[in-house]
Amino acid sequence: MARSEARVPTDRPARYAKQLASHLGRRSQTSWDEDSGTGGIVFQNGTGTLTATEGALLLTVETDPENLDVLEGVVGRHLVRFGTRDELVVAWHRDNGEPGTTQRNSGEPEPH
C-alpha cells in the first residue's frame, strides 16, 4: 500500500473534518469522533484518516500506488469546495518522497 499525507492549515479543522466525513459517507463508510478529533474513511479501493489538530486538518490516504491520484483528488476536491471562503489548499506528500497532487479553488465550478 502507498500512503499520502496532507496538512491543511485552518482555524476550523474539526468542522471541516466532520463535514467531509458526513459528505463522503454517502458513498463510503466514514466515521468521526468529536471527542478525539479523529475520523476514518473506507473507500472501495483504500482508506483515509482525518485528524483535527491545533490550526490544521491532517489527512491521509492509503491505497495501491496507481490509485493515489484518485483518492487524493476525491478527498482534496471536496475539502477545498467546503472551504472556499477560507481558500483551503490541499497539497499531498507521498511516503516515497514524491509530491502528490494539489487541490485549490480555481474559481471555476468543480465537476461532480
**Student:** Start with the C-alpha distance between Leu50 and Leu59, add both sets of side-chain angles, then the distance that settles side chain to side chain contact (heavy atoms under 4.5 Å, CB included), and finish with yes or no.
**Tutor:** CA-CA 5 Å; Leu50 312 167; Leu59 308 170; 3.4 Å; yes
**Student:** Hey, what's the ring geometry for His23 with His78, parallel, tilted or perpendicular (30° and 60° as the breaks)?
**Tutor:** tilted
**Student:** Rounded at 0.5 Å granularity, tell me how far CZ in Arg12 sits from NZ in Lys18.
**Tutor:** 14.0 Å
**Student:** Check whether the side chains of Glu72 and Ser4 place a donor and an acceptor atom closer than 3.5 Å, and report yes or no.
**Tutor:** yes
**Student:** Applying side-chain hydrogen bond (donor to acceptor under 3.5 Å, both in side chains) to Glu62 and Thr60, what does each step give before you reach the verdict?
**Tutor:** CA-CA 7 Å; Glu62 290 185 280; Thr60 64; 5.6 Å; no
**Student:** Can you see which heavy atom on Gly83 is nearest to which on Tyr16, and at what distance?
**Tutor:** CA-OH, 3.5 Å
**Student:** Tell me, yes or no, whether the heavy-atom count around Asn45 atom CG, taken from other residues, nucleotides or ligands under 6.0 Å, exceeds 12.
**Tutor:** yes
**Student:** Without swapping roles, check the side chain of Thr102 against the backbone of Ala91 for a donor-acceptor pair under 3.5 Å.
**Tutor:** no
**Student:** Would a distance-only check, ignoring hydrogens and angles, find a side-chain to backbone donor-acceptor pair under 3.5 Å from Asp64 to Glu66?
**Tutor:** no
**Student:** Which atom names give the shortest non-hydrogen contact between Leu58 and Arg7, and what distance separates them?
**Tutor:** CD2-CG, 3.4 Å
**Student:** Report, as yes or no, whether the 6.0 Å neighbourhood of atom CD on Glu34 holds more than 12 heavy atoms from other residues, nucleotides or ligands.
**Tutor:** yes
**Student:** For a quick test of reading the model, state the closest non-hydrogen atom pair linking Thr63 to Asn67 and the distance between them.
**Tutor:** OG1-CB, 3.4 Å
**Student:** Measuring only between side-chain heavy atoms, which start at C-beta, is Val80 closer than 4.5 Å to Val89?
**Tutor:** no
**Student:** First locate atom CD1 of Ile41, then atom CG of Leu20, and finally report the distance between them rounded to the nearest 0.5 Å.
**Tutor:** 5.0 Å
**Student:** Can you tell me how far CG of Leu57 sits from CG of Leu79, rounded to the nearest 0.5 angstrom?
**Tutor:** 6.0 Å
**Student:** Got a sec: does the CZ of Arg15 have more than 12 other heavy atoms crowding it under 6.0 Å?
**Tutor:** yes
**Student:** Using every non-hydrogen atom in the two residues, find where Pro13 and Ala56 come nearest and quote the distance to one decimal.
**Tutor:** CB-O, 3.2 Å
**Student:** Looking at every non-hydrogen atom in both residues, tell me the closest pair between Ala21 and Trp32 and how far apart they are.
**Tutor:** CB-CB, 4.1 Å
**Student:** Does a side-chain N-to-carboxylate-O contact under 4.0 Å join Arg94 and Asp69?
**Tutor:** yes
**Student:** Between Ser36 and Thr38, does a side-chain hydrogen bond (donor to acceptor under 3.5 Å, both in side chains) hold up when you go through it step by step?
**Tutor:** CA-CA 5 Å; Ser36 67; Thr38 60; 2.7 Å; yes
**Student:** Are Leu68 and Trp92 packed together at the side-chain level, in the sense that at least one heavy-atom pair is separated by less than 4.5 angstrom?
**Tutor:** no
**Student:** Determine, for Glu5 against Arg3, whether the closest basic-nitrogen to carboxylate-oxygen distance falls under 4.0 angstrom.
**Tutor:** yes
**Student:** Are any side-chain N or O atoms of Arg81 and backbone N or O atoms of Arg77, one a donor and one an acceptor, separated by less than 3.5 Å?
**Tutor:** no
**Student:** If only atom types and distance count, is the side chain of Asp86 paired as donor or acceptor with the main-chain N or O of Leu88 below 3.5 Å?
**Tutor:** no
**Student:** Do you know the tightest heavy-atom contact between Phe43 and Leu24?
**Tutor:** CZ-CD1, 4.5 Å
